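Just below is one structure, and these are the notes that go with it.
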Amino acid sequence: MEATLNKGYEPHEVEKKWYTFWENNGLFNASETGDGSDYAIVIPPPNVTGVLHMGHSLNITLQDILCRYRRLRGDNVLWMPGTDHAGIATQNVVERDLSAHGIDRHQLGREKFIEKVWEWRKTYGSAIINQLKKLGASCDWRRERFTMDEGLSRAVKKVFVQLYEEGLIYRGNYIINWCPRCMTALADLEVEHEAVDGHLYHIRYPLVGGGDGPVVATTRPETMLGDTAVAVNPTDSRYTYLAGKEVDLPLTSRRIPVIADAYVDMEFGTGVLKITPAHDPNDFEVGRKHDLESVKVIGDDGIMTPDAGKYAGLDRFDCRKAVLKDLEAQGLLVKVESYNHGVGHCYRCHTVVEPNLSKQWFVKTGPLAEKAMAAVKNGQTKIIPEKWANDYFVWLENIRDWCISRQIWWGHQVPAWTCGGCGEVIVAENLPGVCPVCGSANLVQDPDVLDTWFSSALWPFTTMGWPDNTPLLKTFYPTSVLVTGFDILFFWVARMMMMGLHFMKSVPFSDVYIHALVRDESGKKMSKSTGNVIDPLTVIEKYGTDSLRFTLTAFAAQGRDIKLSEKRIEGYRNFINKLWNAARFSFMHIHEEDATSDFSGLSLPDRWILDRLKTVTRDTAGALDTYRFNDAAGALYQFVWHEFCDWYLEFIKPALYGNKGAGEQASSKKVLWRVLHDPLILLHPITPFVTEEIWHTLPGTEGSIMKAAFPSDASEFKEMALDPAAVTEMSLIMAVINSIRNIRGEMNISPSRVLSVLIQSLDDPTKNILTENQEFIINLARLEELRIETVGEKPKGTATAIVDQAVVSVFLKGIIDFGAEAGRLEKEISKIDVEIDKLNRKLSNPGFVNQAPAPVVEKTKDQFAENVEKKEKLAVNLKRIQSIQSE
RNA sequence: AGGCGCGUAGCUCAGUUGGCAGAGCGCUACCUCGACACGGUAGAAGUCGUUGGUUCAAGUCCAAUCGCGCCUACCA
């Protein structure tokens, strides 16, 4: 009895079953000692607070394809999984949780709060991991890491201390981006600039001792309370009279100097710039240069400080209104212009970021960035697609020092202590016993924690056990490829390059594959607030994981974003079902003894499909080797549906049912087995579940498909030659069948009606091929009679098609009226006319004939001749039809 | 302000070195023919954004231009 499958593919049970099977049998496990062909990917650690979205789905699918593919090619594959602790995001989530119970983290205290975060992580932290598993991710889960793990934390401290000792980490008072809601500093990258329609306010600062005084232009009038100078360009003749003067700072009792600095752009605004060193990065620089005081008028909470005088206690935006009102009352608000400018927002909570003077820790990025650039320039790391390399260079060239301290509780606490006795700062991996300077035991650790990206930057080697020199590191570092979206090219990729090169003395990965962003069907970024998200878990529920994976793969063309809609997923679900049914059909015929590549007595379709199989195998491997995922998916789709199902299965049905003798039946079954067996393996990286399920019903297989050898590595494949003759012959047969089907369709002849056909050809090879394979034509074109002749009487009452060297005549007498056939022929002829005209114009161009390569000219001439001949034959037939009509 | 990308069938997109414009979905007509209606067969459908240039030949290379999207940036 043959094996059977359900009528339709039902993914859910299958997915659960095989995922468990794979995991339980250790099929995702990497061997840490390695075997020379080792392949490693570290996962971009999803945020522990995250919920699986389409971006993850694409990212994970592509990595999984690579890992499964490399395993099939025989590599020892490590896919290192884990999550990062997402400092600000996680703290926000837990704080929100607490505040729902009316608790503020400060009431709780730091230690208790961190306990709460760990509790939260225990409860919810595995959610995202389970979702990755639903996608089929074949990570080596035994090795799962978390950036706050003991081991990784130790690495973070070691890195911090070493960089500090090397002078690459320093602490200082600088203007940083401050989020007044998260109450922490942010790195430049963590600020999202958005164009905002604001105003440019022109404000007069009266001259001390009388006189109108200069007019400054600003978008943030509230900061004027912290002005400590007014600056003009020294070459600006309009303002030379101001040199050395002072102005009264309106709304305050302070007098501030007018200074001259070339930094001031004479073209912008009024050419007079107010200087607020505590609240603007440029002003800060100018202030340093001119030794100006910094007056901080906006507090860390966004509330005006006592230095803001009567405005103290106001929210920064209310203060702006109040200041404007007062200026206007005093007649000092000269002009208000509409002005569109970029305003920074916190990337976590979207609050307007305040540039703020603050004491923070920084990484000196210059020397690190140099090496990170060089490694890509000299090809140690390849960025794919290449165009992203440019962005990478530009960003690194303009990189500024990286502010790494955050004023939150959840994260790696800065390993620095201040001595209460003498004020000495001690940076060390562990709490020092006493101050090395004064011997005091009163040491207080810096309360700040490090940027989450600081620990993520170490991910490729800390997950493998660094700073210990583990076998894992020896085997798998540098990793083979990093797969990620361009949105974290700077956040993460560039920083991993810097840290990897510095601490491991070699790049963290040989390739960086940058994939698309998934957008909604109208091209917008999917976001919860716009409500246009397609939830991958819902999709999986509805269509199955393989459908989602195949869809994402098919659309993952390099360099273009993916616009996703459910319609597309449905289309590829149909493909999965098609594959399923092809297998179901095959299982009605093939048995254990067919599981062999010992072929003999192959029919033309057998030879043809083996040629196609070899081609699709080569193409799939070639595409996956070069990250052309969509090409792999496309080639397999085309092969399975259109070559295997549409043609091959239909061709061999008579043989399978034994209508063509035992010999052909036996050989077709063997070929069928092979042509089902190999594509399952080719498809497995993209659609792991359905292929595994079919695999277990396929005769002649044992164990998991994950353990199969990739077809191009199998000896049968290497022995299998391409068969161009079979391809040529088959295309003739298929063209003849198509031409008859076309007549049937165009003439509206019912599919159930069998037809009589006469094929005439003067070309012996053509005639022989058709004669040898006439049963295929009879079958697929649904004929009751097929005659093949050299030449003979001109048949009457037929519809005609020209295929290569053959004239195909379908007898229509008594079936349809000939007006329809006349119309069809006219249409056909006018199509050919267009073609002939095009070719003729080419050939009558002396430039083309003389200068184009000979083969191209020859080809064009042949095509021209063919078309002319075809047209003549059709014209003869048209005449004959017309004469029948007039009879 | 600078940089990058995209404009190809009604829709979504392929198109690697220049050499006859492709796919999926949708649409139209017909079809229970022993895997599949999540299916089959056939069909209609495009001035490759626009303009110019290079070339025998341009969707493809160059220049300009229009439209859209994104990224980077300390011009108040």
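Since we're looking at a predicted model, the values are computed, not measured. FYI, side chains are in, hydrogens and waters are out, and symmetry mates aren't considered; it's all heavy atoms of this structure. Naming convention: chains lettered A, B, ... in sequence-line order (proteins, then strands); numbering from 1 in each chain.
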Separation of the P atoms in B:rC62 and B:rA73, to the nearest angstrom = 29 Å

If the C1' atom of B:rA63 is compared with that of B:rA42, how far apart are they to the nearest Å?
-> 46 Å

Between which residue ranges does RNA chain B form stems of three or more consecutive Watson-Crick or G-U wobble pairs, both distances under 3.5 Å?
-> B:1-7 with B:66-72, B:10-13 with B:22-25, B:27-31 with B:39-43, B:49-53 with B:61-65

So what does A:E570 touch, heavy atoms closer than 4.0 Å: a base, only the sugar-phosphate, or nothing?
-> nothing

Base, sugar-phosphate, or nothing for A:P853, non-hydrogen atoms under 4.0 angstrom?
-> base

Base, sugar-phosphate alone, or nothing: which one does A:V264 contact when heavy atoms must sit under 4.0 Å apart?
-> base

Are A:T276 and A:F284 close enough, and set up right, to give a side-chain contact (heavy atoms from CB on, under 4.5 Å), and what steps lead you there?
-> CA-CA 7 Å; A:T276 324; A:F284 177 76; over 6 Å; no

Tell me which of A:Y572 and A:Q851 sits closer to the 5' end of RNA chain B, going by the nucleotide each one is nearest to.
-> A:Y572

Measure the distance between the ring centre of A:F268 and the centre of the six-membered base ring of B:rA76, then answer whether it is under 5.5 Å with planes under 30°.
-> no

With the side chain of A:T219 defined as its heavy atoms from C-beta on, choose the nearest nucleotide among B:rA14, B:rG43, B:rA76.
-> B:rA76

Taking the nucleotide of RNA chain B with the closest heavy atom to each, which residue, A:R744 or A:N581, is nearer the 5' end?
-> A:N581

Measure from the side chain of A:N748, starting at C-beta and using heavy atoms only, and say which of B:rA35, B:rC20, B:rC30 lies closest.
-> B:rC30

For A:D280, report the nucleic acid contact type (base, sugar-phosphate, nothing); a contact means any heavy atom under 4.0 Å.
-> nothing

Can a donor-acceptor pair under 3.5 Å be found between the side-chain atoms of A:K653 and the base atoms of B:rA35?
-> yes

To the side chain of A:A852, which of B:rG26, B:rA35, B:rC56 is closest?
-> B:rC56

May I ask you to decide whether A:K542 forms a salt bridge with A:E570, counting only side-chain N to carboxylate O separations under 4.0 Å?
-> no

Is the distance from OP1 or OP2 of B:rA35 to the nearest side-chain N or O of A:Y657 less than 4.0 Å?
-> yes

Only one of A:F490, A:F486, A:W395 passes ring pair (Phe, Tyr, Trp, His ring centres under 6.0 Å) with A:W388; say which it is.
-> A:F486

Salt-bridge contact A:E835-A:K870 (side-chain N to carboxylate O under 4.0 Å) | no

Reckon A:Y339 touches a base, only the sugar-phosphate, or nothing at all at heavy-atom distances under 4.0 Å?
-> sugar-phosphate

Counting just side-chain N and O atoms, does A:K831 come under 4.0 Å of either OP1 or OP2 of B:rA44?
-> yes

Separation between CZ of A:F629 and CZ of A:F550, rounded to the nearest 0.5 Å = 13.5 Å

Residues A:H345 and A:V353: closest non-hydrogen pair is C-CG2, 3.5 Å

For the side chain of A:R584 and the base of B:rC36, is some donor closer than 3.5 Å to an acceptor across the two?
-> no

Write down the distance between CD1 (A:I383) and C1' (B:rC71), rounded to a whole number of angstrom.
-> 15 Å

Have a look at A:D646 and say if it touches a base, only the backbone sugar-phosphate, or nothing, with a 4.0 Å heavy-atom cut-off.
-> sugar-phosphate

Is A:K542 touching bases, backbone alone, or none of the nucleic acid, heavy atoms closer than 4.0 Å?
-> nothing

Using a cut-off of less than 4.0 Å, is there contact between a side-chain N or O of A:N742 and OP1 or OP2 of B:rG43?
-> yes

If the plane angle is over 60° it's perpendicular, under 30° parallel, otherwise tilted; pick one for A:Y9 and A:W580.
-> tilted

To the nearest angstrom, how far is A:F486 atom CZ from B:rG69 atom C1'?
-> 10 Å

Looking at A:K838, does any N or O in its side chain come under 4.0 Å of the phosphate oxygens OP1/OP2 on B:rA21?
-> yes

Using atom NE2 of A:H193 as one end and atom P of B:rA73 as the other, report the distance to the nearest whole Å.
-> 6 Å

Got a donor-acceptor pair under 3.5 Å from the side chain of A:K578 to the base of B:rC38?
-> no

Which whole number of Å gives the distance between the P atom of B:rA44 and that of B:rU28?
-> 16 Å

Measure distances between side-chain N and O atoms of A:E650 and base N and O atoms of B:rA35, and say whether any donor-acceptor pair falls under 3.5 Å.
-> yes

Sugar-phosphate, base or nothing in reach of A:R400, heavy atoms under 4.0 Å = sugar-phosphate

Kindly say if A:H642 contacts the phosphate of B:rG24, meaning a side-chain N or O under 4.0 Å from OP1 or OP2.
-> yes

Write down the distance between CH2 (A:W395) and P (B:rA73), rounded to a whole number of angstrom.
-> 9 Å

Rounded to the nearest Å, what distance is computed from the CE atom of residue A:M266 to the C1' atom of nucleotide B:rA76?
-> 15 Å

